[in-house]
Structure formats: structure tokens, C-alpha cells
Peer 1: 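Would you mind keeping the following structure in view while I ask a few things?
The basis for the numbers below is simple: all heavy atoms, side chains too, and nothing from hydrogens, waters or symmetry mates. Note on naming: letters A, B, ... go to the chains in the order of the sequence lines (proteins, then strands), and numbering restarts at 1 for each one.
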Number of protein chains: 2
Amino acid sequence: MSEQQAESLRERKKRRTRQSIIDVAHALFHDNDYDTTTVEAIAAGAEVSVRTFFRYFANKEEVALAPLDEMGELTLAALRRRPADEPPLTALRAAVLDAWTIMSPDGESLRHYTDHLLPIGKASALAGAVQNRVVALGDRFALEFVEGDDAGGPQPRTDLHASLAAFAFLAAVQVAVRAWCASDSNDPADLVATALTCLDSLVVERNSAHRA
Amino acid sequence: MSEQQAESLRERKKRRTRQSIIDVAHALFHDNDYDTTTVEAIAAGAEVSVRTFFRYFANKEEVALAPLDEMGELTLAALRRRPADEPPLTALRAAVLDAWTIMSPDGESLRHYTDHLLPIGKASALAGAVQNRVVALGDRFALEFVEGDDAGGPQPRTDLHASLAAFAFLAAVQVAVRAWCASDSNDPADLVATALTCLDSLVVERNSAHRA
DNA sequence: GGAATATATGGCACGAACTGCCACATGGCA
DNA sequence: TGCCATGTGGCAGTTCGTGCCATATATTCC
């Protein structure tokens, strides 16, 4: 079980440079705004040229949303660990909880993530980019369900169902995150509570609409 | 009941200029891509300066998504016409159908809209902007429900419920639109059918997840 | 009708986000 | 040590988007 120590010097340097860019960028985003911080300033802080910055990140948004991507990957990994026969929404709900719990056995790692969340929520210029990630993530979630399904070929109806579950779920999480950002609380526990409320309300709301 | 003929010459000219920009822009988007068509080309086609273009539209995205905004307004107006005591999802479902039917008593107006939809769906650079509109629209939908509610002050739970309904609904519509764009059909009727399937599946899916 | 006023437009300079290209430096490997 | 792959920097150039000021066109008041 040796860690892959086969990480060459080159790769180590790249990893460090990348992390340095992320750290500097988020520090600047915190101090000033996302919009007002220039790529030039970030590059200078990380001691790389602007050209090199764009070799690590395709655009300014990407470095801002790196933590979000990380969380997405974590959730996807958690989803894959769920039993294959579990209903989509149940699995997704369990997956976020897993991901958030993994990040915060002590409650601190999740805070590290939520610390990035607020500035992202405030920066309206990032809203579009955030939604792009959400859509991409939703597609990957949906893919898990059609692949995990019994049918061999992806029938259109199955596809729709899987996408529906994924995107309704993501909508609920987003509503929760937005509500949490809008509130004056910065306690990660509140975020979890709000998310659970939303996910549960999803079911109730749906049923009442169905009955009406 | 005289039409407001009090539209001054200035306003008429502005309206014409605005429409001209939109028309030229979408024609160019259709011929080339969204990304490759420059604002300069659009402005030249509409016979205005680039500076004037940016007085009519804050950015290139805005002119591309003008038809989408129009559809959003139509749906919102249809929603307001629904009875106040109708459950959110029921009202929303009826509202889109109304909006789409209004646009297409003959089936042609809706086609005019769907014609714009495909290029928008293809242009990945627009995805973020699209999602921005969706979020803004979702908030306005949600506002209708908390305002129309019996309670005077907006309780947090009510807010969450209203947002949830709005965004789950929008998620379903988006899944349908995306599926329709991905399919080789360009028949508006198929879009309507897919949307209905999604909205119905939303309920079924939810129930099964609830039972599991 | 004509002067005073408001508003729309155009042109210019400028900042910031990216990109392509080429020269150079640095790490990996025989 | 020397060769090759790859990472880096600099520079010119394109596009989006904004502030500023001069000018042209509409509106209003006399």
C-alpha cells in the first residue's frame, strides 16, 4: 500500500504551483472582489507569468471555482459508493451527506469549503460559471443511474428519469446553498440542516402537487 | 381603447434599432457561430456603432438571449393569470403550457422561438448566461407564491418551499429542452411532449424515492 | 418658426481577458 | 555529459466592454 511516490519532481512542482495560484487567488478574492482582482495580480502573487496562469487555468472563473469542483468530485465519488439498487434521490441525498461528512469529521474541513462558498455566491459574475458546473455535474450524476440500471441500452425514458432526478436534486441543493448564503449564518451546520430541509421538502411538495 | 399611439418618434426609432440589432445578430449567429461573430459585425449589420450596440445591450449574451427572456416574461405573465390557491407545481405546469400555446395558436410562433433555441443550446459559451436567466426567473416565480400566500410576512420555510417548487420545475423544463436539443427532432410539438413527460415524471420519480 | 433643452449617437482611448507564436530554461533519461 | 520532452516567459494581437467628450437629432417652450 505504498503511496504513489512515483510523483516526479516536475509533477510536484506543478502541483505546488497550481495550489499556490489557487491560494493567492482566493486570498485576493477575499480581500477585494472577484471582478476587481486581475489575473495579473494573481499571477504576480503566485510568482508566475500571466501566460503561465492561463496554462494552469483556462480562465479566471476556473481558479475561483476550483473548490466547488473538488466538492463535486467528492460527491460523485460518494454516489458511486452507494448500493446500485438504491433509488436515485435516496442515493443522492446520502451521497452529499457522505461527502460533507467526509470533509468535516471535525467540522473544520467543511468550513474551509463553506468559506469559499460565500464569496462565490456574492460574485454575480460567477453565477453563470457556477451553473455550468452544476449542469456538467448533473449529467455525470445521471450517467451513473443509466449505467447502473439493468437495461443495456440507454432508453430515452430512462435517460429522462435519471436526468430529472439528478437535476431536481441539484436544484434543491442550490436552493439550500443560496438560502444559506443569503442568511447571516456562516455556520456549516446550518447549511447541512437547510439542505436536508430542502431535500425533504422536495418530496412533500411534489406529493401535494400530485394530489391537487 | 386607443393603442398607446403616444409613442414618440424617438421611441419608435429606438424600438426599430433594437429589433434590427436582434435580427442581424441572430442571422449572424445562425450563419456562423455565436463565438465567432463579433460585436463589430453585428453593429455594422445593424448600421450602428459598436458603442451604440453596448447602449442597447449590456453584452453580447444579452442580445443572443433576448428571445429567451421574452419567453420567460410570457410564462411569468401566464403564471399570474392562474388562480391564487393553485398548488405551485400545478400552476407552473399550466403556465408554461399557456405560454407555449399563446405563442403558437398556429404552431408557427412557437417554432419561431424554438428556432432560436437550438443555436443557443449549441453555443457552450452561452450556457452560463442561460443559467443566469433561469435563476433570476426562478426567483421571480418563487416570489409569486410567497406573495400569493396567505401569510403576511415571508417565513423562511415558505420561502424555501416556494423556491424549491420553482427551481425543481425549471430543472424539469431544462431537462426537457436539453433532451429535445440533443435529439434530431426540430418539431416544437416534440418539445412540448417531452416537457410534459418530464413534469409528470417529476412526480412519479419523487414518489418512488419517497417510498424506498 | 426658432431658440433652449434633453437625449441619442459616434469616435477615441483605455483596461482586462485570452490566444498564438517563438525563444529559452528546466527536468528526465540514456 | 548530452539529447529530448516539457514547462515557462514575453510579446503582439484580438475581442469584449467602459468612460469621456463632441456632435447630431428629437422635444419643448416661447
Peer 1: Just to verify, what does A:Glu61 make a side-chain hydrogen bond (donor to acceptor under 3.5 Å, both in side chains) with, not counting sequence neighbours?
Peer 2: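 For A:Glu61, no residue satisfies side-chain hydrogen bond (donor to acceptor under 3.5 Å, both in side chains) once neighbours in sequence are set aside.
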
Peer 1: Measure the distance from CD on B:Glu61 to P on D:dG17 and round it to the nearest whole Å.
Peer 2: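 About 7 Å, once rounded to whole Å.
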
Peer 1: Name the nucleic acid region contacted by B:Tyr56, choosing base, sugar-phosphate or nothing; use a 4.0 angstrom heavy-atom cut-off, strictly under.
Peer 2: sugar-phosphate

Peer 1: For A:Phe167 and A:Asp139, what are the C-alpha separation, side-chain angles and deciding distance, and is it a side-chain contact (heavy atoms from CB on, under 4.5 Å)?
Peer 2: CA-CA 8 Å; A:Phe167 284 100; A:Asp139 282 337; 3.8 Å; yes

Peer 1: Please tabulate, one pair per line, each protein N/O and nucleotide N/O from nucleotides 10-13 of chain D that are separated by under 3.5 Å, including the distance.
Peer 2:
none

Peer 1: Enumerate the salt bridge (charged side-chain N to carboxylate O under 4.0 Å, His left out) contacts for residues 118-136 of chain A, please, sequence neighbours excluded, ordered by first and then second residue.
Peer 2: A:Asp69-A:Arg133

Peer 1: Which pairs pass salt bridge (charged side-chain N to carboxylate O under 4.0 Å, His left out) with one or both residues in residues 179-190 of chain B, sequence neighbours excluded?
Peer 2: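 Passing the test, one end in residues 179-190 of chain B: no pairs.
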
Peer 1: So, using side-chain hydrogen bond (donor to acceptor under 3.5 Å, both in side chains) as the criterion, who are the partners of B:Thr38 when residues are at least two apart?
Peer 2: none

Peer 1: Pick out the pairs of N or O atoms, protein on one side and nucleotides 2-6 of chain D on the other, that lie under 3.5 Å.
Peer 2:
from: D:dA5; atom 1: N3; to: A:Arg10; atom 2: NH2; distance (Å): 3.0
from: D:dT6; atom 1: O4'; to: A:Arg10; atom 2: NH1; distance (Å): 3.4

Peer 1: Identify, with sequence neighbours excluded, every residue that meets side-chain hydrogen bond (donor to acceptor under 3.5 Å, both in side chains) alongside B:Thr52.
Peer 2: B:Ser49

Peer 1: Would you classify A:Val50 as touching base, sugar-phosphate or nothing, given that sugar-phosphate means primed atoms plus P, OP1 and OP2, and contacts are heavy atoms under 4.0 Å?
Peer 2: nothing

Peer 1: I'd like the 5' and 3' limits of the part of DNA chain C contacted by chain B, with heavy-atom contacts below 4.0 Å.
Peer 2: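 Taking any atom under 4.0 Å from a heavy atom of chain B, the span is C:dA6 to C:dC12.
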
Peer 1: List in chain and number order the residues that pass side chain to side chain contact (heavy atoms under 4.5 Å, CB included) with B:Arg15, two or more places apart in sequence or in another chain; answer none if no residue qualifies.
Peer 2: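 Partners of B:Arg15 by the side chain to side chain contact (heavy atoms under 4.5 Å, CB included) criterion, ordered by chain and then number, come out as B:Glu7.
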
Peer 1: Within residues 25-42 of chain B, which residues have any heavy atom lying less than 4.0 Å from an atom of DNA chain C?
Peer 2: none

Peer 1: Mind checking what makes side-chain hydrogen bond (donor to acceptor under 3.5 Å, both in side chains) contact with B:Asn59, not counting sequence neighbours?
Peer 2: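 Residues passing side-chain hydrogen bond (donor to acceptor under 3.5 Å, both in side chains) with B:Asn59: none at all.
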
Peer 1: Applying salt bridge (charged side-chain N to carboxylate O under 4.0 Å, His left out) as the test, list every pair that has at least one member in residues 42-53 of chain B; sequence neighbours left out.
Peer 2: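 Matches after skipping sequence neighbours: none remain.
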
Peer 1: So does A:Trp180 get a backbone contact from the side chain of A:Ser183, meaning a donor-acceptor N/O pair under 3.5 Å?
Peer 2: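 Confirmed, A:Ser183 side chain pairs with A:Trp180 backbone.
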
Peer 1: Once you measure the plane-to-plane angle for A:Phe57 and A:Phe53, does it fall in the parallel (<30°), tilted (30-60°) or perpendicular (>60°) bin?
Peer 2: tilted

